Asks: 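Below is a structure I'd like to ask you about.
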Amino acid sequence: MPTPFWSACAGLALAAVVAMPALADGLKDEIAPTGKLRVAIAISPAGGAFWSTKTEAGYAGVPVDLGKDMAAQIGIPVEYVVYQNSGQITDAAGKGSWDVTWLPKDPERETKMTFGPIYEVADATYIVKAGSSVTNFATLDQAGIKVAAVNATTTMRGAVAHLKNANVTGYQTYDEIFGLLKSGEVDAFALSRDQLNKMAQKLPGTRVLDETFKKTVTAVAVPLAHQQSLAFVTKFMNEAVTNGTLRKAYDNNGLKDTPIRTE
């Protein structure tokens, strides 16, 4: 005949088993109310750990791979919700348009979404047009100098705060700014150094400045008040760093030589 102690243990174990499906159902209801994991991505040829690209088969990028793996872990299909930049993803955060995303973090965005672990730290600087006499931040920050940035992004906000005299203008897409820099209609473009180095290879005569004006950190994020979702994506990203999932996503998207920086 079982003792009261073992009966109590058995009761707790049974309660845990019964509670597990309820917890899983609760998570799915919060993180995927449509039955699919809707992953917000921003499309651009810039590459890197944040941007994704359009391909013949669909989409490619670090967030694309992570979203696919996350959906598989939950046991639901993935659906990619496409935007032109991280500012548009931020604007849609309170509209129920997406369930999870990976994007640069800053204090303004923390009022609109909740962030989990950081998985990339990038140095932000400027590339200057071919033939420019600008060689450093001091010669860049002059009246009449036109600096472009992707609109409503952490990099644009950083450039506006950094430059006191040059004029910073936001544009919706990387492609638009690429064209303006190539034609000489803007003097400089603010973005992360690794992306600008790749741009410089495509635009002979341009120069990436040596100085850094801010550190941009990129992290997983979910809509505000989605506490079960936050707990899940936090666990997912911590495990992705240690089990090789994040490294594989980097390697699959042209970042084999890029170290994973979590702080």
Side-chain angles (χ1 to χ4, degrees), residues 39-53 59-70 73 83 85-87 89-90 93 100-110 112-127 137 149-150 152-162 174 189-201 208-222 229-263:
V39 178
I41 58 174
I43 297 298
S44 165
F50 159 65
W51 294 99
S52 298
T53 58
Y59 302 101
V62 172
V64 171
D65 288 0
L66 293 176
K68 182 179 179 181
D69 289 341
M70 183 179 286
Q73 192 171 121
Y83 298 90
N85 57 55
S86 59
I89 295 175
T90 303
V100 65
T101 191
W102 286 264
L103 79 173
K105 170 184 175 181
D106 69 10
E108 181 170 327
R109 287 186 177 160
E110 288 183 284
K112 299 178 179 180
M113 64 187 78
T114 306
F115 286 89
I118 294 166
Y119 70 98
E120 186 215 21
V121 181
D123 299 332
T125 187
Y126 308 92
I127 186 172
F137 287 174
V150 180
T153 60
T154 61
T155 304
M156 179 174 174
R157 285 189 282 274
V160 169
H162 174 240
Y174 170 101
F189 180 14
L191 200 64
S192 69
R193 184 177 303 281
D194 57 342
Q195 293 163 338
L196 293 180
N197 284 337
K198 292 178 181 178
M199 180 184 284
Q201 295 172 4
V208 179
L209 301 185
D210 293 334
E211 299 155 290
T212 296
F213 69 86
K214 79 182 296 289
K215 298 283 186 182
T216 300
V217 298
T218 305
V220 65
V222 297
S229 300
L230 178 62
F232 174 78
V233 301
T234 296
K235 182 174 182 292
F236 175 88
M237 287 305 296
N238 287 336
E239 291 177 349
V241 172
T242 58
N243 67 18
T245 297
L246 184 56
R247 182 72 265 166
K248 182 180 178 182
Y250 270 50
D251 293 350
N252 287 346
N253 292 283
L255 300 173
K256 288 186 176 182
D257 297 326
T258 301
I260 292 170
R261 299 171 64 185
T262 57
E263 59 182 31

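Note that the coordinates shown come from a computational prediction; the quantities given were computed from them, not determined experimentally.
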Asks: Keeping the roles fixed (side chain from Thr242, backbone from Glu239), state whether a donor-acceptor pair exists under 3.5 Å.
Replies: yes
Asks: Side-chain contact test, heavy atoms from C-beta onward, threshold under 4.5 Å: evaluate it for Met70 versus Val100 and give yes or no.
Replies: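 Of all side-chain heavy-atom pairs linking Val100 with Met70, at least one is under 4.5 Å.
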Asks: Looking only at non-hydrogen atoms, find the nearest pair between Arg261 and Val121 and report the distance.
Replies: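 Shortest heavy-atom separation between Arg261 and Val121 comes out as NH1-O, 2.8 Å.
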Asks: Taking atom NZ of Lys68 as the centre, does the number of heavy atoms from other residues, nucleotides or ligands within less than 6.0 Å exceed 12?
Replies: no
Asks: Sequence neighbours excluded, which residues qualify as ring-ring contact (aromatic ring centres under 6.0 Å, His included) partners of Phe137?
Replies: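 Counting only residues at least two positions away or on another chain, Phe137 forms a ring-ring contact (aromatic ring centres under 6.0 Å, His included) with Tyr126, His162.
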Asks: Under the side-chain contact (heavy atoms from CB on, under 4.5 Å) test against Val208, which residue among Leu191, Asp194, Leu196 passes?
Replies: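 It is Leu196, the one option of Leu191, Asp194, Leu196 that forms the side-chain contact (heavy atoms from CB on, under 4.5 Å) with Val208.
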Asks: How long is the gap from OG on Ser52 to CH2 on Trp102, to the nearest 0.5 Å?
Replies: 10.0 Å
Asks: Does the side chain of Leu66 come within less than 4.5 Å of Met237's, by heavy atoms?
Replies: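 Contact flag for Met237/Leu66 side chains = yes.
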Asks: Do Arg109 and Thr154 pass the side-chain hydrogen bond (donor to acceptor under 3.5 Å, both in side chains) test, and can you show the C-alpha distance, the side-chain angles, and the key distance before you say yes or no?
Replies: CA-CA 9 Å; Arg109 287 186 177 160; Thr154 61; 4.6 Å; no
Asks: So if I apply the side-chain contact (heavy atoms from CB on, under 4.5 Å) rule between Leu246 and each of Val241, Asp69, Thr262, which one comes out positive?
Replies: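 Output: one option passes, namely Val241.
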Asks: Above 12 or not: heavy atoms from other molecules or residues under 6.0 Å from CG of Asp257?
Replies: no
Asks: So which heavy atom on Leu209 is nearest to which on Arg193, and how close?
Replies: O-NH1, 2.7 Å
Asks: Measure the shortest side-chain to side-chain distance between Lys256 and Tyr250 over non-hydrogen atoms and say whether it is less than 4.5 angstrom.
Replies: no
Asks: Under the criterion side-chain contact (heavy atoms from CB on, under 4.5 Å), which of Thr212, Val217, Thr216 is the partner of Lys214?
Replies: Thr216
Asks: Measuring from atom CE of Met199 to atom CD1 of Ile127, what distance do you get when rounded to the nearest 0.5 angstrom?
Replies: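 Rounded to the nearest 0.5 Å, the CE-CD1 separation comes out at 6.0 Å.
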Asks: Just by distance, do the side chain of Thr101 and the backbone of Ala40 share a donor-acceptor pair under 3.5 Å?
Replies: yes
Asks: Got a second to check how far Trp51's CH2 is from Ser44's OG, nearest 0.5 Å?
Replies: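 Separation between the atoms: 4.5 Å.
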Asks: Short question: side chain of Tyr119, backbone of Ala240 - any donor-acceptor pair under 3.5 Å?
Replies: no
Asks: Is any side-chain heavy atom of Phe232 less than 4.5 Å from a side-chain heavy atom of Gln73?
Replies: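 They are in side-chain contact.
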Asks: Does some side-chain heavy atom of Glu211 sit less than 4.5 Å from a side-chain heavy atom of Phe213?
Replies: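 Of all side-chain heavy-atom pairs linking Glu211 with Phe213, none is under 4.5 Å.
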Asks: Ser192 and Gln195: side-chain donor and acceptor closer than 3.5 Å?
Replies: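 Note: Ser192 and Gln195 side chains meet the donor-acceptor criterion.
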Asks: Within a strict 4.5 Å, meaning less than it, do heavy atoms of the Thr218 and Lys105 side chains meet?
Replies: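 Counting from C-beta outward, Thr218 and Lys105 never come under 4.5 Å.
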Asks: Between Asn238 and Pro117, which heavy-atom pair has the shortest distance, and what is it?
Replies: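 Nearest pair, atom of Asn238 first, then Pro117: OD1-CG, 3.6 Å.
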Asks: Would you check, one step at a time, whether the test side-chain contact (heavy atoms from CB on, under 4.5 Å) holds for Val222 with Met113?
Replies: CA-CA 6 Å; Val222 297; Met113 64 187 78; over 6 Å; no
Asks: Does any non-hydrogen side-chain atom of Thr155 lie less than 4.5 Å from one of Val150?
Replies: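 With C-beta onward as the side chain, the pair stays apart.
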Asks: Which heavy atom of Ala42 sits nearest to which heavy atom of Ser86, and what is that distance?
Replies: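 Smallest heavy-atom distance, with atoms named: CB-N, 4.3 Å.
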Asks: Determine whether Asp251 and Arg247 satisfy the following criterion, salt bridge (Lys or Arg N to Asp or Glu O under 4.0 Å), listing intermediate values before the conclusion.
Replies: CA-CA 6 Å; Asp251 293 350; Arg247 182 72 265 166; 3.1 Å; yes
Asks: Is the shortest side-chain N to carboxylate O distance from Asp65 to Lys248 below 4.0 Å?
Replies: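 No, Asp65 and Lys248 are not salt-bridged.
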Asks: Using side-chain contact (heavy atoms from CB on, under 4.5 Å), reason through Leu103 and Phe115 one step at a time and then give a plain yes or no.
Replies: CA-CA 9 Å; Leu103 79 173; Phe115 286 89; 3.7 Å; yes
Asks: Quick one: are Ile41 and Tyr59 in side-chain contact, heavy atoms under 4.5 Å?
Replies: yes
